[in-house]
Amino acid sequence: MTLLRLTCLVAVLVGTVVGVAVFVRGAARLTRAITMGRPAPGRSGPVGRRVGLVLREMLGHGRFQHSPVVKVAHWTVMVSFPILFFTLVTGYGQILDPTWTLPVLGHLLPWEWLTEAIAWLSLAGILALIAVRVRLSRRSSSRFSGSNQAQAAVVEGTVLAVVLAVLLLRGLEHRLGGGSVWHFPTTAWIGDLFTGVSTGTVETLVVLCATVKILVSMSWFVVVGSQPTMGIAWHRFLAVVNIYARRYDDGRPALGPLLPVRVDDADLDVAALESLPEDARLGVRAVEDLSWKQLLDVATCTECGRCQDQCPAWATGKPLSPKRVVMALRDQAAATAPYLTATGTGTDDTASGHVDVDLVASGVIDADALWACTTCGACVQQCPVDIEHVDTIVDIRRYQTLMESAFPAELAGTFTKLERRGNPWGLPARQRLRWAAGLDFEVPVIGADLESAEEVDYLFWVGCAGSFEEKAMRTTRAVAELLHAAGVSFAVLGEGEGCTGDPARRAGNEVLFQMLAAGNVETLNAARAQAVVVTCAHCFNTLSREYPQLGGHYDVVHHTELLNRLVAEGRLVPVEPAAAVVAGPGGVADPGAVVTYHDPCYLGRHNQIYSPPRELLAAAGVQVTEMPRTREQSFCCGAGGARMWIEESIGTRIGTARAQEAIDTGASAIATACPFCTVMLTDGVAAADRSDIGVPEVADIAVLLSGRLRGA
């Protein structure tokens, strides 16, 4: 063995031992830190479905559907890791014998073709990803803003160096007579570049190239192993686990219902409120309060910024970036983990200043950022590794609200109104039927006119907005009139109805939510409610997705779904085109008006209801023009997460930004399917200065179609 080969062999052996040891040590530290989190029930099975989900997500890259170039590029780089690993193994043998190759696989034609194809595709993929990062990083509002660009450069540079080494080695192998051109279909030409170079020199180049490839790979292991916060590298291993442990094993994002507060590893409910221990901690104060799934989330973050790119708060100048929240939690967890590991729980080492740190009071999480979240779910929808941002943000809110009473001042009044009056407007329950005044048919009330909801087709859950807010009351009337025209019998609860608790829960006041929800579940069960129709997207989500947590199981349908079904069944039919109108506050609009539809977050992203509202508009003969951001990528109106009751004092109002998008379509009306969206977009339209093209009307679909549909 020559001195060169001996030197290279010693270098790669030492490098391998060091690299693997540092990486294993880093992986063990990271594993200990994650597993010290609190329990996260229901994340382990069924194994078969979850494994299938992981394979489908990884091979299909479904979360990249809106970025086809990045999707293909990332897929090729991902696939290159397991396949090109075998070329790394080959490299060790080539240092001893430059002509050495893997037994069986080494000269297997299909394998050689696959290796070269993946190598070239990976080269193109990593160059594309580098180009995307460089191009976007030049923008101050880039999704990479705040990401660790140096770490990204290490990862991308490593991939680029390894892939180039693989291709060069394949060419040199061909030059050494490793087989016909059929065995080197795309790299033989590289070998031809060394025609005239002596065999000894080519062998030396093989040894050097293999050494460089191995040392680059081992250097990557050292860097990654010593940086537990290097999510852009660790996600290659952790993403598999995080996708496996996602909330839903059917592939849905972690949206819709919020998970209850857990106390002593049990869900908090009304029955448990009276027996809470004095030292019970509700919500998340410090990283120690996070579940292992939440700690896995923050460790898995790739800092790709897709969540930030979609966040309405970030886009309108608020201090909230879902990515930066996750990064801050990850860094705090990494700083805290050694102390937690040393003490077991961290309770014996609070003097160190590294454990039991209030995330908000210490500035780890900015208070303005915490309360800027609308819980729209865009971050969760876009995250390629299934991080559950909204759950974590609300958990931190819960501690601030329930334990510290540290919430926006406006919410104090909202909570009081919910407690005393059962609605966030603070109006008396006797006004809940005010919307029905003047109707030419009677609206039966359960408990007064009917004994139970079993006597009608649907229980109409009117909601607080539908009972008290003027524009929402028009929606309630329109839905009632259309149902009556279609021959659908329905009844309401009247004064027996109370707020579902959505604003309280998303503001972190889980105790108030539990009280409101328990009362409503008791009322609904006593009324023997089965089929329920609602006009509010937030009520829809709470009744259908969250009340089952409290024993309330109902068949809940949104009014756009029901009206669309009635049209499909022929029970509601469009009026003649000449007589068709679009109802508005000032009377009627042009029957040929163009409408743009805004997807409410809690109807669309949280519950995947996108088509029925559009189908309903189309069936009624309305021409719909879409905004640039629609369906899964729809931009929030700004009302969710209890933001409806909090003044926007930083940046542009979210509703104004969304209204501007709608105005820019040239539509004469903006259709919504949620009363909160109607309010926010109405205010947004009023704030937009577009007198040159006219100001569109904002109204619920039911209101817009009330003059276009009639009973069969």
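With sequence neighbours left out, Tyr602 forms a ring-ring contact (aromatic ring centres under 6.0 Å, His included) with His538, His606.
In this structure, the side chains of Leu370 and Ile396 come closer than 4.5 Å at one or more pairs of heavy atoms. Residues Val70 and Arg306 form a side-chain contact, since some pair of their non-hydrogen atoms from C-beta on lies under 4.5 Å apart. Residues Thr500 and Leu516 form no side-chain contact, since every pair of their non-hydrogen atoms from C-beta on lies 4.5 Å or further apart. For the pair Asp502 and Cys539, the minimum side-chain heavy-atom distance is 4.5 Å or more. For the pair Pro68/His61, no side-chain contact is recorded, criterion being any heavy-atom separation below 4.5 Å from C-beta on. Pro46 is listed as a side-chain neighbour of Asp249, based on a closest heavy-atom distance under 4.5 Å. Contact of the Met680 side chain with the Ile654 side chain is not registered, since no non-hydrogen atoms from C-beta on lie closer than 4.5 Å. Two residues are said to be in side-chain contact when any heavy atoms from C-beta on lie closer than 4.5 Å; Asn148 and Glu303 meet this criterion.
No donor-acceptor pair under 3.5 Å is formed between the side chain of Tyr610 and the backbone N or O of Leu603. Arg50 places a side-chain N or O within 3.5 Å of a backbone atom of Tyr244 that can act as its donor or acceptor partner. The backbone N or O of Pro408 sits nowhere less than 3.5 Å from a side-chain atom of Trp371 that would complete a donor-acceptor pair. Side-chain atoms of Arg605 come within 3.5 Å of backbone atoms of Cys376 as a donor-acceptor pair (strictly under, hydrogens ignored). A donor-acceptor pair under 3.5 Å is absent between the side-chain atoms of Arg631 and the main chain of Gly604, judged by distance alone. Not a single donor-acceptor pair under 3.5 Å links the side chain of Gln308 to the backbone N or O of Trp314. Checked by atom type and distance alone, the side chain of His235 pairs as donor or acceptor with a backbone atom of Ile232 at under 3.5 Å. Looking only at distances, a side-chain donor or acceptor of Gln294 sits under 3.5 Å from a matching main-chain atom of Ser291. Using modelled atom types, no side-chain atom of Ser137 and backbone atom of Val134 make a donor-acceptor pair closer than 3.5 Å. Looking at Asn242, its side chain does come within 3.5 Å of a backbone N or O of Val385 through a donor-acceptor pair.
The distance from atom CD of Glu510 to atom CZ of Arg262, rounded to the nearest 0.5 Å, is 12.5 Å. Once rounded to the nearest 0.5 Å, the distance linking CG of Asp356 with CG of Leu359 reads 9.5 Å. Taken from CZ in Arg398 to CG in Asp391, the straight-line distance is 8.0 Å, to the nearest 0.5 Å. Taking OG1 from Thr375 and CZ from Arg397, the interatomic distance works out to 7.0 Å, rounded to the nearest 0.5 Å. Here the straight-line distance linking atom CZ of Phe144 with atom CZ of Arg139 works out to 10.5 Å at 0.5 Å rounding. Put simply, CD1 on Ile387 and OG1 on Thr392 are 9.0 Å apart, with the number rounded to the nearest 0.5 Å.
For the residue pair Ser321 and Lys323, no side-chain donor N or O sits within less than 3.5 Å of a side-chain acceptor on the partner. Using modelled atom types, one finds a donor on one side chain and an acceptor on the other under 3.5 Å when comparing Arg133 with Gln149. Inspection of the Asn541 and Asn607 side chains reveals an N or O donor paired with an N or O acceptor under 3.5 Å. Counted by atom type alone, Gln549 and Asp269 present zero donor-acceptor pairs between their side chains at under 3.5 Å. Counted by atom type alone, Ser145 and Arg324 present one or more donor-acceptor pairs between their side chains at under 3.5 Å. If you check the side chains of Ser634 and Arg658, you find a donor sitting under 3.5 Å from an acceptor.
Within 6.0 Å of CH2 on Trp75 lie no more than 12 heavy atoms contributed by other residues, nucleotides or ligands. Within a 6.0 Å radius of CE in Met403, other residues, nucleotides and ligands contribute more than 12 heavy atoms. Annotation: Phe81, atom CZ; neighbour count of heavy atoms from other residues, nucleotides and ligands within 6.0 Å is above 12.
Val287 and Leu329 make their closest contact through CG1-O, 4.0 Å (heavy atoms, listed as atom of the first residue, atom of the second, distance). Residues Ala333 and Leu295 share a closest heavy-atom pair of CB-CD2, 4.0 Å. For the residue pair Trp292 and Ala245, the shortest heavy atom distance occurs at CH2-CB, 3.8 Å. Between Val326 and His389 the shortest heavy-atom distance is CG2-CD2, 3.7 Å. Cys677 and His598 make their closest contact through SG-NE2, 3.5 Å (heavy atoms, listed as atom of the first residue, atom of the second, distance). Annotation for Ser122 and Val163: closest pair OG-CG2, 3.5 Å, computed over non-hydrogen atoms.
Each of Lys293, Arg252, Arg246 was compared with Glu388 under the salt bridge (Lys or Arg N to Asp or Glu O under 4.0 Å) criterion, and only Lys293 meets it.
Taking 4.0 Å as the cut-off between side-chain N and carboxylate O, Asp289 and Arg281 count as a salt-bridged pair. Salt bridge annotation for Arg506-Glu546: present, with a cationic side-chain nitrogen under 4.0 angstrom from a carboxylate oxygen. Between Arg38 and Glu288, no side-chain nitrogen of the basic residue sits less than 4.0 Å from a carboxylate oxygen of the acidic one, so the salt-bridge criterion is not met.
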From CA spacing to verdict: side chain to side chain contact (heavy atoms under 4.5 Å, CB included), Val263, Leu276 = CA-CA 8 Å; Val263 180; Leu276 281 177; 4.0 Å; yes
request  = In sequence, state the C-alpha distance, the side-chain angles, and the governing distance for Gln332 and Val357, and then conclude on side chain to side chain contact (heavy atoms under 4.5 Å, CB included).
outcome  = CA-CA 9 Å; Gln332 179 66 14; Val357 173; 3.7 Å; yes
key: Worked verdict on Gln382 versus Asp309 for side chain to side chain contact (heavy atoms under 4.5 Å, CB included)   = CA-CA 9 Å; Gln382 290 295 318; Asp309 201 37; over 6 Å; no
query = Going through the checks in order, is the side chain to side chain contact (heavy atoms under 4.5 Å, CB included) test met by Arg653 and Thr316?
reply = CA-CA 7 Å; Arg653 293 177 66 90; Thr316 54; over 6 Å; no
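Side-chain rings of Phe415 and Trp645 stay apart, their centers remaining 6.0 Å or farther from each other.
Geometric assessment of Arg629 against the ring of Phe635 yields a positive cation-pi assignment under the 6.0 Å and 45° thresholds.
The aromatic rings of Trp220 and Phe237 are tilted relative to each other, their planes meeting at an angle between 30° and 60°.
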